[in-house]
Asker: 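Here it is, the structure in full.
As the structure is a computational prediction, the values presented were derived from the model and not from experiment. In the text below, chain A, chain B and the rest are named by the order of the sequence lines, each starting its count at 1.
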Amino acid sequence: MLPKSRGTLSADVFTALQSGSTAHLGTEPESEEDAQIALWTLYELHYRGFDEVDPELEWDPDLLRVRRSLERTFEADLRRQWEESPLHADPDLDLTGLVERHDGPSLARFVRRKADREQVLEILKHRSIYHLKEADPTSWVVPRLETRVKAALMEIQFDEYGNGDPNRLHHHLFRRGMEAAGLRTDHACYIDEVPVEILAMNNAVTMFGLHRRLRGAALGHFAAFESTSSIPSRMLAQGLRRLDFPEQMAAYYDEHVEADAVHEQVAVRDVCGAYLEEEPNDRDLVLFGAFTGMELEAHYARLMLAQWGES
Amino acid sequence: MSDFDRPTVVMCPAGPMLLRGDHEVQDADGTVHRTKRPVSAVCMCGSSATKPWCDGTHKLLAARSRESDKKPG
Ligand code: FES
């Protein structure tokens, strides 16, 4: 099902997606929410599509025109945030240093110690937008890489996809966890409940994945994501057990403690390190991607903690 | 002859030891653990809660004692 619109542009886009008449579409969103939900939906045509939308529309030039306009604004905004960060000014900064020094509140710590059941359910619904297609946005990048980097990235992706065993595919593990916790798992079913921060996180990783020009940012984002996963995943698993969530849900996070301790090393050294040896001019782009991932995560954590009176 | 280095054992600075491929790792208590992914990370800092595997705790140790970043073998 298509999401609910969040403004005039997304309303027009969703009507056009159902009717197939797209030539008249404008490109000016009414708000950030309007822009992000429209962009998320246009991107979704490249993932799983929607029952009520003709699959032909995936490559409709007018929809691509709208998408491109939204992406330009979004990318410019993300770049501005990176360029305004004090970290950007450090010429010696590397990926590990960026991950160590980037500052943001920890939602995982809150879940471990204090969150109640309703709050955790809310987070799981929000996270499901990404976790139910975990690793997929990074797979867009694979054909755009040279031999060494491609092999290293695939070494991790293969693990994300269960090493050939569908039972161990990460987004399947999340689905099983959600079901056990009494949540729905149909395609993006919680999209209307997620804040704009979640839409932006999802859209950034897809945008980096879909543009060959931005492959360095995709790899940086990926490495930062893997590098900031093990310890928070352990906290989340502890919080879920504290609240007596079903074992499958906690097990999903257990898997990430161990898997991402490996992925982090491979992503930083063998993926981004090797990529930068080949493309030294992309240093800033890799850092931009990494920063963006962590920064959008921090926006989301701040929003949720403030909403719960925790900031 | 190969075109690219692809070591099967990799020591990560101040971090775990990566093992590529299938191995049986005996932990300090004598229990044998089979690797179950293409690359596994064996804890070298001694502080992991999921030994013999690394769980990222070494980074917390590093953050706590940033000045003495070097880990003894
Ligand atoms: S080396 Fe990573 S937890 Fe010990």
Side-chain angles (χ1 to χ4, degrees), chain A residues 94 96-97 99-101 103 106 108-109 146-165 167-170 226-235 237-238 251 253-271 273-274 277-278, chain B residues 1-28 31-71 73:
Chain A
D94 63 8
T96 311
V99 171
E100 273 170 18
R101 285 164 56 190
D103 219 10
S106 169
R109 186 165 301 130
E146 297 298 328
T147 310
R148 200 157 55 119
V149 182
K150 181 181 283 181
L153 178 59
M154 282 310 297
E155 193 169 50
I156 306 177
Q157 291 294 87
F158 191 54
D159 202 25
E160 294 280 342
Y161 289 128
N163 302 302
D165 179 356
N167 297 298
R168 290 189 53 207
L169 198 114
H170 283 183
E226 299 292 343
S227 299
T228 50
S229 173
S230 290
I231 294 171
S233 292
R234 190 172 68 193
M235 293 179 186
Q238 288 168 339
Y253 288 101
D254 289 342
E255 162 67 11
H256 283 71
V257 173
E258 219 174 276
D260 293 347
V262 179
H263 296 178
E264 166 182 357
Q265 301 292 340
V266 178
V268 171
R269 304 152 57 92
D270 301 336
V271 176
E277 279 174 27
E278 289 167 7
Chain B
M1 272 278 279
S2 51
D3 295 323
F4 301 97
D5 288 339
R6 192 166 185 270
T8 47
V9 180
V10 179
M11 311 302 296
C12 304
M17 172 175 71
L18 300 185
L19 287 181
R20 288 203 157 85
D22 293 332
H23 299 273
E24 292 184 1
V25 177
Q26 189 174 41
D27 69 18
T31 312
V32 173
H33 303 259
R34 277 200 76 88
T35 55
K36 52 183 192 288
R37 47 186 86 250
V39 191
S40 307
V42 177
C43 173
M44 300 297 285
C45 75
S47 297
S48 170
T50 57
K51 278 195 284 247
W53 316 122
C54 164
D55 69 354
T57 303
H58 63 270
K59 287 197 286 186
L60 297 176
L61 301 180
R64 265 176 225 147
S65 60
R66 192 72 80 196
E67 71 280 4
S68 60
D69 224 10
K70 286 207 190 74
K71 298 275 170 290

Asker: Can you say whether A/A259 sits under 4.5 Å from chain B via the side chain, the backbone, both, or neither, judging by heavy atoms?
Answerer: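 Both backbone and side chain.
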Asker: Tell me which of these, A/I231, A/I156, A/D260, has more heavy-atom pairs under 4.5 Å with chain B than the rest.
Answerer: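 Of the options given, most contacts go to A/I231.
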Asker: Please indicate whether B/R20 has more than 12 foreign heavy atoms, meaning atoms of other residues, nucleotides or ligands, lying under 6.0 Å from its CZ.
Answerer: yes
Asker: Quick check on A/S229 against chain B: is it the side chain, the backbone, both or neither that has a heavy atom closer than 4.5 Å?
Answerer: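 Neither part.
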Asker: Looking at chain A, which one of B/A41, B/S48, B/P38, B/C43 has the largest number of heavy-atom pairs inside 4.5 Å, strictly under?
Answerer: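 So the answer, after comparing B/A41, B/S48, B/P38, B/C43, is B/P38.
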Asker: Near A/E146 CD, under 6.0 Å, is it more than 12 heavy atoms from other residues, nucleotides or ligands?
Answerer: no
Asker: Do you know which of A/D270, A/D159, A/V257, A/N163 has the most heavy-atom pairs under 4.5 Å to chain B?
Answerer: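 Of the options given, most contacts go to A/D159.
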Asker: Applying ring pair (Phe, Tyr, Trp, His ring centres under 6.0 Å), name anything that partners A/H256, two or more places apart in sequence or on another chain.
Answerer: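 Residues passing ring pair (Phe, Tyr, Trp, His ring centres under 6.0 Å) with A/H256: A/H170, A/Y252.
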Asker: List the steps, then state whether side-chain hydrogen bond (donor to acceptor under 3.5 Å, both in side chains) holds for A/R234 with B/T57.
Answerer: CA-CA 10 Å; A/R234 190 172 68 193; B/T57 303; 3.1 Å; yes
Asker: Anything under 3.5 Å between a donor and an acceptor, one on a side chain of residues 4-16 of chain B, the other on a protein residue two or more places apart or in another chain? List them.
Answerer:
{"residue": "B/R6", "atom": "NH2", "partner": "A/E155", "partner atom": "OE2", "Å": "2.5"}

Asker: Do NZ/NE/NH1/NH2 and the carboxylate oxygens of A/E255 and B/R37 come within less than 4.0 Å?
Answerer: yes
Asker: So, for B/V39 and A/V262, which heavy atoms are closest and what is the spacing to 0.1 Å?
Answerer: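 Closest approach of B/V39 to A/V262, heavy atoms only: O-CG1, 3.4 Å.
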Asker: Minimum heavy-atom separation for A/A261 and B/C54, please, with both atom names.
Answerer: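 Closest heavy-atom pair between A/A261 and B/C54: CB-O, 3.4 Å.
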